[in-house]
Amino acid sequence: MKKNNHYCKNKCFLYLCNQNKTIILNFLFAIKHFFCAGYYKGHRVHSPNIYNFFEKAIFSKKQFDYSAAENANNALKKSKQKIQSLSIGAKGTGKITEKKVSDIAKKSSSCGRYGRLLQRISAFLQPSTIVELGTSLGIGTIYLASECESAKIITVEGCSETLKIAKQNFIKFNKQNIETINANFNDVLEPILKQNTNTSLIFVDGNHTYDDTISYFSTICKYANDNLVVIFDDINWSKGMTKAWRKIQNTSQVVVSVETARMGIIFFNKALTKKNYCTRY
């Protein structure tokens, strides 16, 4: 019994050390990013097109209605429902485990200030077709759809149970222009882009590994047009993601990249001047 208690204490101690290490590393990264990033609110951005993007999308002063996504997220946080969730992504085990919908919602990356950023970007670009990799509970999808009622939105999710919840949200908040696909991203991304050659906004929010991110990017590059803008989420989530982002932004086909602490945004428009922007947001 004593051995078991000792083992449990050691395990708890190691867990706390790892948690504290993560907090410290995130804090140090935030400080580094704050001092290294520039172009706050578009200052010193000389390209008129990119300045407009900073002023009207990233740092827009316009009042937007974010209520649909945020009401959906607040309701999910209070949900008592449990689902059989497939564990996928960078830390996924491939196993099915029972999870509370409220716990998934609380950990949702596409809510709050970055969800609002998604909505402002889609409002600014007014894309004809949006592709999202990683629906989860559909909060990010609702942000993307809220200012683009005439756009065709295709969202892909690997877990069928979370996708069911997302579809209920789309119906509840009257988002009728969203098409859902339950599949592995690599299996459907290329067929989607082949069939939708006018895709002008892609949001990649899933499978946060170096190999998968580069694989999605390589596929996207095959079908990229001058109007295409791609948003990668969690670019500094791990060393692998940071490495993938650095490779993406320095690829010759990418003309402009805009980097926040969490999201990376790339433009393929050849009329722009090649430059990488790192901004505080």
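Computed over heavy atoms, backbone and side chain alike; hydrogens, waters and symmetry mates excluded.
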Test item: [X] side-chain N/O and [Y] main-chain N/O as donor-acceptor pair under 3.5 Å:
X: Asn73; Y: Ala69; value: no
X: Gln119; Y: Phe64; value: no
X: Ser136; Y: Gly138; value: no
X: Asn169; Y: Ala72; value: no
X: Asn236; Y: Thr242; value: no
X: Ser200; Y: Asn227; value: no

Does any pair with a residue in [range] pass salt bridge (charged side-chain N to carboxylate O under 4.0 Å, His left out), and if so which ones, sequence neighbours excluded?
range: residues 212-222; value: Glu190-Lys222
range: residues 160-185; value: Glu161-Lys164
range: residues 130-144; value: none

Could you check whether any side-chain heavy atom of [X] comes within less than 4.5 Å of a side-chain heavy atom of [Y], counting everything from C-beta outward?
X: Trp237; Y: Ile235; answer: no
X: Cys221; Y: Phe268; answer: yes
X: Asp205; Y: His208; answer: yes
X: Thr197; Y: Asn225; answer: no

Task: Audit row: Ser47, Asn49, side chain to side chain donor-acceptor pair (under 3.5 Å) steps and yes/no - done: CA-CA 6 Å; Ser47 165; Asn49 289 326; 5.1 Å; no
Open item on the list: Here's one to test your reading of the geometry: is the NZ or CZ of Arg262 within 45 degrees of the ring axis of Tyr114 and under 6.0 Å from its centre?
Closed with: yes
Could you report the tightest heavy-atom contact between [X] and [Y], atom names first, then the distance?
X: Leu163; Y: Glu157; value: CD1-CB, 3.8 Å
X: Ala123; Y: Cys148; value: N-SG, 4.5 Å
X: Tyr281; Y: Thr260; value: CB-CG2, 4.0 Å
X: Ser102; Y: Ser79; value: CB-O, 3.4 Å
X: Ala57; Y: Leu117; value: O-CD1, 4.1 Å

Task: Residue list, ring-ring contact (aromatic ring centres under 6.0 Å, His included) with Phe170, at least two apart or on another chain - done: none
Task: For Tyr210, ring-ring contact (aromatic ring centres under 6.0 Å, His included) partners two or more places apart - done: none
Among all residues two or more places apart in sequence or in another chain, which pass the side-chain hydrogen bond (donor to acceptor under 3.5 Å, both in side chains) test with [X]?
X: Ser218; value: none
X: Lys62; value: none
X: Thr129; value: Asn198
X: Ser257; value: Gln249, Asn276

Task: Residue pairs involving residues 138-163 (criterion ring pair (Phe, Tyr, Trp, His ring centres under 6.0 Å); sequence neighbours excluded) - done: none
Open item on the list: Listing request: all ring pair (Phe, Tyr, Trp, His ring centres under 6.0 Å) pairs with a residue in residues 177-200, at least two apart in sequence or in separate chains.
Closed with: Phe185-Tyr216
Open item on the list: Hydrophobic clustering (ILVMFWY, side-chain heavy atoms < 4.5 Å, transitive) - are Val256 and Leu201 grouped together?
Closed with: yes
Open item on the list: Between the side chains of Lys61 and Glu55, is the shortest nitrogen-to-carboxylate-oxygen separation below 4.0 Å, so that they form an ion pair?
Closed with: no
Task: Exceeds 12 heavy-atom contacts within 6.0 angstrom, atom NZ of Lys274 - done: yes
Open item on the list: Taking CD in Glu149 as the centre, count heavy atoms belonging to other residues, nucleotides or ligands within less than 6.0 Å. Is the count above 12?
Closed with: no
Task: Contacts of Lys270 that satisfy salt bridge (charged side-chain N to carboxylate O under 4.0 Å, His left out) - sequence neighbours left out - done: Asp226
Open item on the list: I'd like to know whether Asn177 forms a side chain to side chain donor-acceptor pair (under 3.5 Å) with Ser150, so could you lay out the CA-CA distance, the side-chain angles of the two residues, the decisive distance to 0.1 Å, and finally the verdict.
Closed with: CA-CA 7 Å; Asn177 56 335; Ser150 61; over 6 Å; no
